[in-house]
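This report refers to the structure that appears directly beneath it.
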Amino acid sequence: MSRISESSNVSNLFSPSMINMVVGVFDFVISLMMIFKINLYLSLVVVIMLPFYVVLSVYFSSRIKKSVTQMNEDSAIMAGGVFETINSIEEIKILDLKTIQMNKVEKLSKIVKESIVNMNRNLNFYFENFSFMSAFIGTGILYLSGLLIIDHAFTIGSYIAFTGYLSRILGNLQVYSTAGITIQPILVSIRRIQEFLGYGDEGDERDRNLIGGIEKIEFINVSFNYADKREVIRNFNQTIIKGETILILGSNGSGKSTLIKLLLGLYNPSDGQIMLNDVDLTKIKLNDLREKIGVVSQNIHLFKGTILDNILLGSDDSKLSYLNKLIKDYNLDVFLNFENKLDTEIGNGGSNLSGGQKQLIGFLRALVLQKEILILDEPTSALDTAVKECVIDIIKNRSIANITIIISHDPSFYFIDNKIYMNKNFEGMVAK
Ligand SMILES: Nc1ncnc2c1ncn2[C@@H]1O[C@H](COP(=O)(O)OP(=O)(O)O)[C@@H](O)[C@H]1O
Ligand SMILES: [Mg+2]
């Protein structure tokens with residue numbers, strides 16, 4: 001959330017102060033040339049002092065960068081905390097967690113407050129130091145010019161002209177260093193927004209296209225661990241070929257959903273390979289991959305808009321006729337009997353729908369997109385018997401994808417012959 005507001009930081013890049021900076025380059029160069037013309041000796045003194053300015057800027061900009069990053073991270077965590085509180089207000093009331101949750105948010109806001117103070121301390125310290133340096137140079141030049149004037153080697157007029165140019169030089173330097181400081185938060189924001197959008201870590205070395213239909217998926221000795229290093233999947237081997245429907249079984253936390261995330265390219269295997277048509281999945285362009293794979297995930301996200309918008313997701317009219325046919329063939333309108341049918345508005349995140357209604361909409365959305373590979377992660381967990389039977393009927397009798405992968409504990413799916421067990425001890429628990 002906070003990264004969205006940070007995007008306004010980026011617009012500062014185009015602000016008038018940036019234009020002043022460009023003009024300032026000329027001002028700075030011309031002023032420097034002029035002081036050399038007025039007096040070589042005094043100019044050398046000025047030039048010797050300038051590196052101190054640079055060192056000061058470099059030192060402080062790294063400190064400021066660190067404190068701005070910290071402040072952004074802390075604000076993001078706090079925004080997350082507030083977001084969580086707002087989103088789970090019903091659970092908080094039911095579980096009587098009001099005090100605990102408020103303490104949590106309060107603690108987070110304290111951390112943010114401290115990091116803002118720290119950032120401002122760095123900024124102010126920097127500006128104060130800068131003013132001190134400028135005053136120091138100004139006084140030095142006044143003293144040296146005085147000596148020269150007494151010796152009749154310099155005139156008062158030249159001194160006035162010299163300090164006039166000097167103040168332009170220092171002023172411009174200050175603009176630059178200040179801009180360095182203004183740019184730091186912008187650069188940090190750009191990096192964080194890029195991270196959020198997944199640039200950099202997604203798709204960097206992916207240059208292979210997935211041409212033609214998917215004939216074969218092969219998991220070869222695939223192992224995977226999340227950042228905490230605990231191995232979630234170990235030496236997983238499986239080949240799935242076009243036309244197959246497979247059922248993945250395993251206890252909670254055995255890595256079923258993780259396996260799907262690997263197939264979608266959300267993470268790369270820590271070891272081993274996943275091959276699609278004999279091409280290493282980590283090399284395939286993500287757009288190509290996701291164009292061919294449809295998912296009904298465990299957490300279905302619905303957007304603000306009508307039910308129809310949420311099923312079609314902007315796809316064309318041919319998908320609409322496919323949807324209408326599906327609804328007619330399987331009498332689905334019984335289950336979609338909302339006041340305005342498919343034109344019913346959905347609240348944010350589907351707040352006005354039941355878990356089962358959301359799951360059905362997620363299922364229809366995946367079908368309508370008509371992908372080559374369809375993955376259904378616990379697709380019937382929230383459905384009542386009637387809707388479930390209907391969904392299973394569709395999976396059984398309609399060719400919904402070239403390869404269908406279903407994760408479910410529901411015995412209604414045991415009719416699928418191709419069963420994959422994510423953990424060995426689970427195998428004995430399921431009657432084949
Ligand atoms: N994003 C994540 N970061 C760290 N650990 C995770 C993450 N997602 C899942 N896990 C852990 O990985 C294991 C497998 O999770 P998952 O694949 O969702 O299991 P399943 O779908 O079989 O119930 C669990 O122990 C879970 O806690
Ligand atoms: Mg799961």
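All of these numbers come straight from a predicted model, not from anything done at the bench. Only heavy atoms go into these numbers, but all of them, side chains included; no hydrogens, no water, no symmetry mates. Counting starts at 1 for both ligands and their atoms, following the listed order.
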> Which heavy atom of the protein is the closest neighbour of atom 21 (O) of ligand 1, given with residue, atom name and distance?
Replying inline: S257 OG, 2.8 Å
>> Is it the case that ligand 1 has an N or O less than 3.5 angstrom from some N or O of V232?
In response: no
>> Would you say S297 and D377 are linked by a side-chain donor-acceptor pair, where the criterion is simply a distance under 3.5 Å?
In response: no
> Taking it one step at a time, do D288 and R206 satisfy salt bridge (charged side-chain N to carboxylate O under 4.0 Å, His left out)?
Replying inline: CA-CA 10 Å; D288 279 25; R206 296 175 176 270; over 6 Å; no
> Would a line drawn from the ring center of Y226 to the ring center of F224 be shorter than 6.0 Å?
Replying inline: yes
> Hey, which atoms in ligand 1 end up nearer than 4.0 Å to a heavy atom of T258?
Replying inline: 14 (C), 15 (O), 16 (P), 17 (O)
> Can you list the atoms of ligand 1 that are under 4.0 Å from a heavy atom of N252?
Replying inline: 23 (O)
> Is it true that D271 and R234 have a side-chain N and a carboxylate O under 4.0 angstrom from each other?
Replying inline: no
>> Tell me whether the Mg ion (ligand 2) has S257 as a neighbour, meaning an N, O or S atom of it below 2.8 Å.
In response: yes
>> To check your reading of the model: name the closest protein heavy atom to atom 23 (O) of ligand 1, its residue, and the distance in Å.
In response: G253 N, 2.8 Å
>> Could you tell me, atom by atom, which parts of ligand 1 come under 4.0 Å of a heavy atom of G255?
In response: 14 (C), 17 (O), 19 (O), 20 (P), 22 (O)
> Taking NZ, NE, NH1 and NH2 as the nitrogens, is one of them in E218 or K216 under 4.0 Å from a carboxylate oxygen of the other?
Replying inline: yes
>> Considering Y226, F224, Y267 one by one, which has a heavy atom nearer to atom 8 (N) of ligand 1 than any of the others?
In response: Y226
> Any ion pair linking K104 and E84 (charged N to carboxylate O, less than 4.0 Å)?
Replying inline: yes
>> Check D393 with R398, please: is the shortest side-chain N to carboxylate O separation under 4.0 Å?
In response: no
> Considering only the protein, which heavy-atom contact is closest to atom 27 (O) of ligand 1, and what is its distance?
Replying inline: R230 NH2, 4.0 Å
